[in-house]
Amino acid sequence: MEKILIIGGVAAGATAAAKARRLSPDAEITMLEAGPDISFANCGLPYYIAGDIDSRSKLILQSPESFDEQYQVKVHTHTLVNSIDRENKIVHTIDGRDGSKNNFEYTKLILAQGGRPIQPDIPGAVADHVFSLWTLEDMDKIDSHLKNKEPQTAVVVGGGFIGLEMVEALVKRGLKVHVVEKMQHVMSIMEAETSGFITRELKAYGVGVHTETAVTKINHNMVELDNGKTINANMVLLSIGVRPTLQLAKDAGLEIGEAGGLLVNDKLQTSDPDIFAAGDMVEIEHRVNDKKVRIPLAGPANRQGRIAAENALGGNHSYKGSIGTSVVRVFEAVAGTTGLSLKQARAAGIDADAVVVHKEHHTSYYPGAETVSVMLVYDKNTGVVLGGQTAGYKGADKRLDVIATACAAKLPVSEIADIDFAYSPPIGTANDAMNMAAYAAENKMSGYGPSILASELDAYIEEKQQLIVLDIRDVFAHQKSNMNGAYHLPLENLQPNLERIPKDVPVLIYDETGKKGHQAVRILMGAGCKEVKNISGGHTSLQRHTVTVGFKNIEMVPLPIDKKSINEKVMEETETNNNVSTEELERLVVDVRTPGEFRSGAFPDAVNIPLDDLMSGNADLGEDTDREIIVYCATGARSAYAQQVLMSRGFSNVKNGGGISAMMSRY
């Protein structure tokens with residue numbers, strides 16, 4: 001009879017035990033856990049502290065008793081494994097409560113000890129008001145401190161996944177929170193502009209963000225930084241990474257891999273064929289570049305646990321590796337990464353490139369549309385998708401999963417371009433953000449639509465002796481924020497001014513999101529310009545890059561960040577803001593955009609009458625049907641329709657001013 005012994009009772013270990021029982025009704029299965037709990041939802045711990053999960057019991061997926069009852073698995077908690085006798089297949093343990101010793105025999109052993117939070121060597125790091133978060137016990141200590149000590153300020157050391165989730169949790173508990181990150185920006189595994197989206201959200205909620213600095217000392221009510229600054233802190237959370245639990249494996253003589261994790265083959269066997277391993281402690285192959293990596297994530301750990309159990313019982317299931325898909329939500333903002341970043345791909349020797357698009361997650365005309373951002377990384381020679389990142393308030397997770405699937409299937413961008421994604425106005429768009437990203441990649445690869453990333457601008461500017469930068473946005477967007485030295489030339493005015501643009505000088509173009517920039521590139525290339533590049537992602541990407549790492553050779557003032565607060569509900573204004581009597585105006589200029597668009601900037605003395613109100617007859621334009629009326633909108637589409645409506649009602653002198661940029665240049 002098989003004796004399956006599992007060391008570790010959370011993600012990989014509990015999954016392995018359940019799978020082993022489903023495969024074999026006769027095997028003797030035993031699970032040893034050093035802590036007091038098994039099979040708990042450790043990914044949910046920050047959300048209990050935040051109050052999003054209202055019951056602690058919801059985090060307890062199984063108890064030793066329920067596991068035994070459901071799976072007939074004997075569970076021993078508080079059981080520390082001292083050593084593994086590989087020759088006799090015996091594990092020696094000690095009870096963490098009373099010190100009693102015990103031995104457990106096995107025919108197959110599965111190691112699933114996971115990892116532990118890294119404890120930095122900082123003076124004061126062991127004080128009572130300093131915490132890490134990894135177990136239910138850790139969570140309870142933090143919750144008790146918040147309730148009993150009522151701290152007002154907190155510092156979170158580390159701007160990774162758990163760190164930022166805890167930043168949100170502590171803000172929701174009413175604390176003033178600062179995050180300290182040693183790298184250039186929070187979420188250092190993401191590109192600077194993806195991190196910029198998260199950084200703006202943190203600052204909107206009043207979180208202090210301190211990057212490229214480290215905590216050097218923790219005092220009773222403050223922390224000291226290596227840049228000489230201090231931050232008030234009644235509590236400190238340490239979240240600087242996870243180290244695999246390897247001492248037992250090392251003592252047993254099992255081989256450790258080049259990435260610092262326990263070495264396993266594709267069957268998840270260690271260097272001892274009777275010992276398998278799964279979860280955060282192992283190193284595996286990255287599915288994109290086949291390099292050995294450690295990816296401490298819950299999804300891979302659970303899948304590895306299943307496969308380890310299957311193979312321990314005689315199966316032949318190969319683990320294909322991990323893509324490293326991970327996502328974080330900070331307040332309302334969501335950002336994620338999968339596969340290789342552009343930097344990682346190039347470091348691996350791949351001739352890689354990337355594009356960025358920003359697009360509505362569903363049709364712009366259906367209420368609630370939010371911008372979702374997609375960065376697609378691909379092999380320049382084959383077009384095969386290598387990875388990518390997404391960010392947005394809605395829809396970022398869906399697009400991230402598409403990129404992950406493309407990575408796993410090794411799809412080229414041309415396949416993504418032609419995929420039919422789910423479309424209905426409340427759900428998506430006819431050309432999804434993923435289609436658009438693939439189009440942009442195809443255009444860049446073919447030379448039809450040359451572009452450059454925000455992260456590449458400094459190097460590009462240093463390389464060029466002379467350069468022209470064109471800001472093709474409307475005048476109001478340009479006035480709010482622009483690249484220092486850029487010429488403002490709205491897209492509508494580009495064609496009439498082509499002769500003014502030197503054909504032998506490199507031209508950089510940016511609009512708001514990159515879409516109109518591509519159109520401008522085609523116009524200039526058609527006019528004979530030798531080198532034209534669109535800034536991929538436009539001003540949106542420039543802003544996000546600015547708020548994180550900034551530029552050496554570009555001056556750009558960050559847009560102001562709108563302040564947000566927990567439980568605050570901002571009511572959108574719906575009135576049209578018209579206090580001017582239309583009868584008093586000799587020439588009437590009508591802005592037919594929405595009130596929100598009108599508030600972002602309008603033609604001087606224009607009256608805002610949205611097209612819907614104009615069509616319904618709710619607008620009073622006076623009795624003089626011969627008076628000059630000029631209508632305009634964002635692009636000229638709605639104003640053309642407005643012109644037709646007014647002329648059909650007898651107004652004889654109605655002119656279409658077109659889009660806002662054209663309107664400003666004409667009048």
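Because the structure is predicted, anything quoted here is derived from the model rather than measured.
Looking only at atom types and distance, the side chain of D266 has a donor-acceptor partner in the side chain of S318 under 3.5 Å away. For the residue pair T513 / H539, no side-chain donor-acceptor distance below 3.5 Å is found, with atom types taken as modelled. E310 and H317 are linked by a side-chain donor-acceptor pair at a separation below 3.5 angstrom, with hydrogens and angles left out of the test. Between the side chains of Q62 and S66, a donor-acceptor pair is found at a separation under 3.5 Å. Using modelled atom types and a 3.5 Å distance limit, the side chains of S541 and E193 yield a donor-acceptor pair.
Nearest heavy-atom pair across L238 and P120 is CD1-CD, 3.8 Å. For A20 against L313, the heavy-atom pair with the smallest separation is O-CD1, 3.6 Å. Taking both residues in full, the closest heavy atoms of N302 and A11 are given as OD1-O, 3.7 Å, listed atom of the first, atom of the second, then distance. Here the closest non-hydrogen pair linking G163 and S239 is N-OG, 3.2 Å. Closest non-hydrogen pair, A309 versus A16, comes out as CB-O, 3.2 Å. The two atoms that bring I284 and Q304 nearest to each other are CD1-NE2, 3.8 Å, heavy atoms only.
Looking at heavy atoms from C-beta onward, T540 lies in side-chain contact with E512 at the 4.5 angstrom threshold. By the 4.5 Å heavy-atom criterion applied to side chains, V413 and M445 are counted as neighbours. Using a 4.5 Å heavy-atom cutoff, the side chains of I240 and K182 are not in contact. Inter-residue side-chain proximity for S536 and E456 is flagged as unmet; no heavy-atom pair is nearer than 4.5 Å. A 4.5 Å side-chain heavy-atom check between I189 and S341 finds every atom pair outside the cut-off. Using a 4.5 Å heavy-atom cutoff, the side chains of I403 and V374 are in contact. Within the 4.5 Å cutoff, no side-chain heavy atoms of V357 are placed close to those of S373. Between F276 and L111 there is no side-chain heavy-atom pair separated by less than 4.5 Å.
From Y378, atom OH reaches atom CG of L342 across 9.0 Å, with rounding to the nearest 0.5 Å. Between the CZ atom of F67 and the CZ atom of R21 there is a distance of 10.0 Å, given to the nearest 0.5 Å. Going from atom CG of L202 over to atom NE2 of H178 covers 12.0 Å, rounded to the nearest 0.5 Å. Here OG1 of T15 is found 8.0 Å from CZ of R306. Values are rounded to the nearest 0.5 Å. Here OG1 of T405 is found 9.5 Å from CE of M434. Values are rounded to the nearest 0.5 Å. Here K444 contributes atom NZ and D353 contributes atom CG; the two are 3.5 Å apart, rounded to the nearest 0.5 Å.
In this structure a side-chain-to-backbone donor-acceptor pair under 3.5 Å is present from R346 to A352. Side-chain atoms of T325 do not come within 3.5 Å of backbone N or O of A404 as any donor-acceptor pair. Side chain of T211 to main chain of H185: no donor-acceptor pair is present (N/O by atom type, distance under 3.5 Å, no hydrogens or angles). Side-chain N or O atoms of T213 include none that pairs as donor or acceptor with a backbone N or O of H210 at under 3.5 Å. Looking only at distances, no side-chain donor or acceptor of N431 sits under 3.5 Å from a matching main-chain atom of N435. Not a single donor-acceptor pair under 3.5 Å links the side chain of R243 to the backbone N or O of Q119. With hydrogens and angles disregarded, a donor-acceptor distance shorter than 3.5 Å links the side chain of E283 to the backbone of G260. Between the side chain of E360 and the backbone N or O of H362 there is no donor-acceptor pair closer than 3.5 Å. Looking only at distances, a side-chain donor or acceptor of T548 sits under 3.5 Å from a matching main-chain atom of A192. A side-chain donor-acceptor contact under 3.5 Å links D138 to the backbone of T135.
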**Asked** Given M281 and L246, is the side-chain contact (heavy atoms from CB on, under 4.5 Å) satisfied, shown in steps?
**Response** CA-CA 7 Å; M281 66 185 301; L246 296 176; 4.3 Å; yes
**Message:** What verdict does the side-chain contact (heavy atoms from CB on, under 4.5 Å) test give for R399 and F421, after you've listed the backbone C-alpha separation in whole Å, the side-chain angles of each residue and the deciding distance to 0.1 Å?
**Reply:** CA-CA 10 Å; R399 278 77 187 183; F421 295 106; over 6 Å; no
**Request:** Give the C-alpha distance, both sets of side-chain angles, the deciding distance and a yes or no for side chain to side chain donor-acceptor pair (under 3.5 Å) between T107 and E2.
**Result:** CA-CA 6 Å; T107 57; E2 290 282 10; 2.5 Å; yes
**Asked** Between D274 and K108, is a salt bridge (charged side-chain N to carboxylate O under 4.0 Å, His left out) present by the stated rule, with each step listed?
**Response** CA-CA 5 Å; D274 291 322; K108 294 293 187 295; 3.4 Å; yes
**Request:** Please test L263 against I256 for side-chain contact (heavy atoms from CB on, under 4.5 Å), starting from the C-alpha separation and ending with a verdict.
**Result:** CA-CA 5 Å; L263 185 66; I256 305 302; over 6 Å; no
**Request:** Check the pair K320, E285 against salt bridge (charged side-chain N to carboxylate O under 4.0 Å, His left out), reporting the backbone distance first and the verdict last.
**Result:** CA-CA 8 Å; K320 296 180 180 179; E285 283 191 355; over 6 Å; no
**Request:** Evaluate the ring-ring contact (aromatic ring centres under 6.0 Å, His included) criterion for residues Y393 and F331: first the C-alpha distance (whole Å), next the side-chain angles of each, then the deciding distance (0.1 Å), finally the verdict.
**Result:** CA-CA 9 Å; Y393 290 104; F331 300 106; over 10 Å; no
**Asked** Given the rule in the side-chain contact (heavy atoms from CB on, under 4.5 Å) test, do K515 and H358 qualify, once you have shown the distances and angles that lead to the verdict?
**Response** CA-CA 8 Å; K515 183 179 179 181; H358 308 286; over 6 Å; no
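Taking a 6.0 Å sphere around CZ of R200, one finds it holds more than 12 heavy atoms contributed by other residues, nucleotides or ligands. The 12-atom threshold is exceeded at NZ of K267, counting heavy atoms of other residues, nucleotides or ligands nearer than 6.0 Å. Atom CZ of R86 sits in a crowded spot, with more than 12 heavy atoms from other residues, nucleotides or ligands closer than 6.0 Å. More than 12 heavy atoms of other residues, nucleotides or ligands sit less than 6.0 Å from atom NZ of K410. Atom NZ of K291 has 12 or fewer neighbouring heavy atoms from other residues, nucleotides or ligands inside a 6.0 Å radius. Other residues, nucleotides and ligands contribute only 12 or fewer heavy atoms inside 6.0 Å of the CG atom of D420.
Within the 6.0 Å centre-distance limit, the rings of H518 and Y448 are counted as a close aromatic pair.
None of V209, I162, V177 except one satisfies the side chain to side chain contact (heavy atoms under 4.5 Å, CB included) rule with V167; the exception is V177. Tested against Y205 for a side chain to side chain donor-acceptor pair (under 3.5 Å), the candidates E332, E168, K564 yield a single pass: E332.
Judged as a salt bridge (Lys or Arg N to Asp or Glu O under 4.0 Å), and not counting sequence neighbours, K359 has no contacts.
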